[in-house]
Structures are given as structure tokens and as C-alpha cells.
Amino acid sequence: MIQLEYGQQAALTESFITTRVAQFERDHADLHKRMDDDQALYELKTYNANDDGTNTFPSYTSNAPRVYAKRVVTMVAGADLFVRIPYGEEDRETRDTYDVKERVFYGFLDAADERLKRRLETRAQAKMAEFGAVRGYICARAILVKDARGGAYVDVTPLDPRTAAWGVGYDGLDWAAYTTSRTAEEINSFYGITVGGPPTGRHTVIDYYDRTHNAVVVKGHGFVKPPQPHGAVGVPIVVVPVGPTTLSKAPGTQNSAEGYGESIFAENRAVYQQRNAILSIYLSLVKKARDRSYILYSPDGGATLQDNPNEAAGVISQPGTNKLELVPLAETTKDSAILAGFVTEEMHFGSLSKTSYGDVPFQLSGFAINSLRQSVFGILQPLLDAVQDAYTLMLNLLGDQYATGAYPTMQLAGFDSNRRYFNAEYKPEVLRGLPSARVKLVAQLPQDDIGQITIAQKAREGAVPLLPDKDILDRIVGVQDVGATQDAIEVQMAKRLSPRAMLQTLMKAAENQGEDELAGVLFGELLVQQLKQMVELASAQIQANMAQQAVGAASGGVDPSVLPNAAQGKQPPQPTPQAGANVPAGTPRPGAQESDLDRLGRGSGQ
């Protein structure tokens, strides 16, 4: 066993690293066995109902563990992730700086997932959900790495807890290691070192980290990456156990690591075995019903059948002295069916009900939906807590490392907590002097949406609401970013209260949809609204002037009646129309110079 004095830094040698990892594996042998058994359940390892290891008796392997695990993993992997920098009662400008740090962390996560996808690996959240559900632990590496081009990239890699090892100090991890099996060709590709043996031969590789250095050892071949500073502020590995179980440290107790960090199979490990045994018995009975047994009576007992009696429409010819009888079918007692029902019911008690898988023969009431939500929540919450704790630790590790200024400015992109896309460069200075991040995962659980909305409306009705809008959105509706939601609601209300704002919004929507003609019509309506508003303002100004002048006259000023019409807000007087014909003087009247004969001729139509 390796023993160090307080504050002593051990020299990193191959022997030191391999010995430390081997000691951890011996101390946690029971935990590793439990992990292997749970992995066998998850992978649906074939159940064998024969105690002697043969295949004489039919065996049935239930798919319940796999279906249950995939359902839980899917819900956790699809949970919404929110990064928050707590700001309390800070002013708006300070809150904006906190929002910048949040965007940096969202950018870190997006860049890390893009790198995992390029390496044909699943997203970090999905992989950590799977490890947490099946292994009972979440392990991951979170570190910034400088690349050959002078830039840096984010390395967030979930690690299998089964092959991880770690040591805990007074304020966190003192060291951590991750063991993998790689071919000589892979080692040469990763580290540029050639090891002995065939290219496809496999070797044990240990990736070791302490608080300051990183080294990679190939067992039997020494260092392929000598010890060198890793640049992180502390050990860049996070280890989070799942569940509320406490690791006992009482004197005289056995190592309780086996039950610390439990998988989702904890309640049903023995139940799955019993269920497989019972179903194997039923499978044997069904097989016997398909392949019936027969008794052939003959005088000397030596008669045999040339054909198979179980074949459809088969004809068996036998002498009259021979007799063929079916063997009665074996049946279980009625208690067997009762036992099978009890086992199935207990399996659902320790996992998810059939309703959680969508098996709903009728519409559920609001009370039933809430009860279902609570049962699902009890299964998911320990795993959600573990994943969000792992993210919190990883983001703060990355943030502290980037804030050192030892890495170049990074270009980050992604979606922030308000679903707004960003793509910008962020300098290390934006992370300094700010609080640590908090991560929250919110799973999409079944809930009575209509009931929740009704309760929210009731809580804000009346002259004196029961709750302020902020608490209604947070505690009843379940909105994550209450401030952003309130801002969006107020903007929407402002658009509806102002006709001009509504027209402008509709015009932009028409432009975005390519409806230019409709946008032009709305623009004309917007101009009319603006002109009406200008006229109303001018009229109001005139009325105000008249009122002011009336007050002046009453106090000895100018009599308003002597003021011109414009000053009084009246229309200007219309001009008096001219009397008589509107022709110049001396112009004869129409028809005045005609003779009587001419007038008579015009009247007769000639």
C-alpha cells in the first residue's frame, strides 16, 4: 500500500501509478462485481435456469431491465439543461456580465459535444445518464487542451466508472486514473510512441491525473506520455455517486463501497432473477404443449414410430395390437399464477409502471397524472441530481482553467438559457471575479398542464392576488427563467396595447414570410396611424393654447374674442361669393345679340 506524509508529493513513476490503481481495484472489488452484474442485466445476458449450467431446461430472459434502463436514460438524456450564475439583487449591468459567463459555459458544452460527435461518440449528457443509471457512478474528464495550431479545444469526455480509479483528499480529489485497452496501432496514433508486439495486440493504458500533472502509462512499456503539467486548477476529473446512500466510515465496519453509488437496478436485482425463473417454467410448459409426448403400447414393448406424431395432419400406421396414447399435459398450480403476478407487481414497484411506457387504456385524470409524475420523479431525481452535479463541477473546472489566461481567446457558439443563438469570441477576463455556475436539469415528466394553468390563473385573479406573478411562474407553472419570461410577456402586452406597435410587428412578420404586397399595405396603415397621431397632437396643442389664453383673459389679459380664428382654434372664414355673372364688364349676355328670327329658327330646330 502506498503511504504518503501530509503535503508530500509522490514522484510519478510507472510503478507508483500501476500500484495505486491496483490497490484501488482490490479495495473496490465488491463494487466492481456489482457493476458487472448490473451491466449483464442491462445487456440482457442470457439467463440459465439449469443449476448445472446445461441447457436441458428451457430458459427465459426478460427484457424488463433493458427497457426500464433505456426509458430512464432517455428521459435524463433529453432533460433541459440550464446554466445559472446566481446574481441575487445585483443591478442590470452586473447581471449582463453574469449572462456573458453563462454564454461561455453554454459554448463550452456545445463545443465539447461537437467534438464527441466527430469522434463517433454520443453526447456527454446521454453518456453520463447511461453510466449513472447502470453503473451508479458518473465519471468524466473536463479540461482545456492546446492544439497544434495554437488554439485550444474543450475536452469533456464521460468515462466508464468501472475502469476508473480515484483518491479523495481533504477538499476533493487528490488523483484519478482511467484504464483502457488499446492496440499498439491506436497507441502510436494517439501518442506517437511505438510499443512492442503485433499492431493489433492489446495493451493496458492508464491515463493518470493528480492536482498538477498528467501522465500516460502502458503496462510493461513505461510512459507513452511523461508527467507534465495539465494546466487545470485541480484534478480535471469529476466523480459523482448516484443516490442518497452514505458511505460508512464507522470504525469496525466492513467496506460499504458496494452499496454507495447505486444503479437503478438496486430494488429489482433479485426480482429479475425470480421473474426469469418463473417465466422459464411457463416456457417449459408451453414447449411441452407444442411437442407432446406419447406412450406406445405393444405386446413386446419394442415397437417404435417411424413418423413424428406432432406433425400436422400426420398419419401413424400401427398394428391393431399396438396402442398410441397422449401423455397428459403438465400444469402448474393456481398458486404459480398468483406468484407470477406478485413478482411482476413488485418489479413495477421498484421501477416504472406500465403507464409510464404509454400503456394507457383510458384518459387519466389530473390526480392520476400527478401521482404518476411523483412516482417517475422518485426514480429520476437521484440520477438528475448526479448529472447536474457533474456538470456543475466540470463547468467550474473549465471556467477556472480558462480564467488563468494561459489559453488563447476562444470562439464559442451555441444557444443560451433564453434559446438565443450566439457566436462570438470571449476573452478569459469575462470569467474572472464572478460567482461559480449552477446547473439544473429539468426532465419532461407527465403533468396535468391544464390543471396547472387553471391554478395559476386562479392565483392571480381578484383585486388582491394570492401570489405575485414571479412566484406563480416559478412555483406553479414551473418556468425556469422567470425574468426572461416576464420580459417577453410585458413586450407582448406592449405590442397589443399600441396599434402602431401591432402594425409594425405584423409588417415585419409579412416581410419575413415574403408577403411584400401585404407588408406594403400594412406600411400604409402604419403611416395613416402616424398622421392621425400627429393631427391629434396638434389639436391637443391648440386646445391647450386656448385654455391658457382664456385664463390670461380672465386675469386681465387680452380678450379671446378679439383674437383671430386661428388663435381660437376655429376654421378661417369662407370668402363671400360674387353677385351676378362671373364675366368681365361689358361682356354681352348670352344670346343678347341674336335677332328674333334667329331665336325662332333655333326653337323650331332649323
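Just the heavy atoms: all of them, side chains too, but no hydrogens, waters or symmetry mates, feed the values below. Keep in mind it's a predicted model, so treat the numbers as computed, not measured.
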Quick check: closest heavy atoms across [X] and [Y], and the distance to 0.1 Å?
{"X": "R141", "Y": "D207", "value": "NH1-OD2, 3.6 Å"}
{"X": "V233", "Y": "D400", "value": "CG2-O, 3.8 Å"}
{"X": "A79", "Y": "L384", "value": "CB-CD2, 4.2 Å"}
{"X": "P229", "Y": "H213", "value": "N-CD2, 3.7 Å"}
{"X": "F265", "Y": "A69", "value": "CZ-CB, 3.8 Å"}

Which distance, rounded to the nearest 0.5 Å, do you find between the [atom1] of [X] and the [atom2] of [Y]?
{"X": "L526", "Y": "M502", "atom1": "CG", "atom2": "CE", "result": "13.0 Å"}
{"X": "L383", "Y": "E262", "atom1": "CG", "atom2": "CD", "result": "13.0 Å"}
{"X": "L412", "Y": "L109", "atom1": "CG", "atom2": "CG", "result": "10.5 Å"}

| task | In sequence, state the C-alpha distance, the side-chain angles, and the governing distance for N423 and Q411, and then conclude on side chain to side chain donor-acceptor pair (under 3.5 Å). | result | CA-CA 7 Å; N423 188 349; Q411 180 86 17; 2.7 Å; yes
[X] side chain vs [Y] backbone, donor-acceptor pair below 3.5 Å:
{"X": "N512", "Y": "K508", "value": "yes"}
{"X": "N396", "Y": "A437", "value": "yes"}
{"X": "E267", "Y": "F349", "value": "no"}
{"X": "S539", "Y": "V535", "value": "no"}
{"X": "Y421", "Y": "G414", "value": "no"}
{"X": "D147", "Y": "G150", "value": "yes"}
{"X": "D113", "Y": "A124", "value": "yes"}

Open item on the list: Less than 6.0 angstrom from the centroid, inside 45 degrees of the normal: does K127 satisfy that with respect to the ring of F131?
Closed with: yes
Using 4.0 Å as the upper bound for N to carboxylate O, is an ion pair formed by [Y] and [X]?
{"X": "E121", "Y": "R119", "answer": "yes"}
{"X": "D80", "Y": "K440", "answer": "no"}
{"X": "E114", "Y": "K117", "answer": "yes"}

Among side-chain atoms of E130 and Y42, is any donor-acceptor pair under 3.5 angstrom? yes
What I'd like to find out is whether the side chain of [X] reaches to under 4.5 Å of the side chain of [Y], using heavy atoms alone.
{"X": "Q401", "Y": "I143", "result": "yes"}
{"X": "Y98", "Y": "P435", "result": "yes"}
{"X": "V134", "Y": "S263", "result": "no"}
{"X": "V67", "Y": "R71", "result": "no"}
{"X": "Q125", "Y": "L441", "result": "yes"}
{"X": "R123", "Y": "L116", "result": "no"}
{"X": "I379", "Y": "V72", "result": "yes"}
{"X": "V387", "Y": "V76", "result": "yes"}

Ring pair (Phe, Tyr, Trp, His ring centres under 6.0 Å) pairs touching residues 383-405, sequence neighbours excluded, are F108-Y402
*Give the C-alpha distance, both sets of side-chain angles, the deciding distance and a yes or no for side chain to side chain contact (heavy atoms under 4.5 Å, CB included) between Y137 and V239.*
CA-CA 7 Å; Y137 275 85; V239 180; 4.0 Å; yes
Hits for salt bridge (Lys or Arg N to Asp or Glu O under 4.0 Å) against R115, two or more places apart or cross-chain, chain-then-number order -> D155
Across all chains, not counting sequence neighbours, the salt bridge (Lys or Arg N to Asp or Glu O under 4.0 Å) partners of D171 are R211
Run the ring pair (Phe, Tyr, Trp, His ring centres under 6.0 Å) test on W166 and Y209 for me, step by step, so that the C-alpha distance in whole Å, both residues' side-chain angles and the decisive distance to 0.1 Å come before the verdict. CA-CA 9 Å; W166 58 84; Y209 294 86; over 10 Å; no
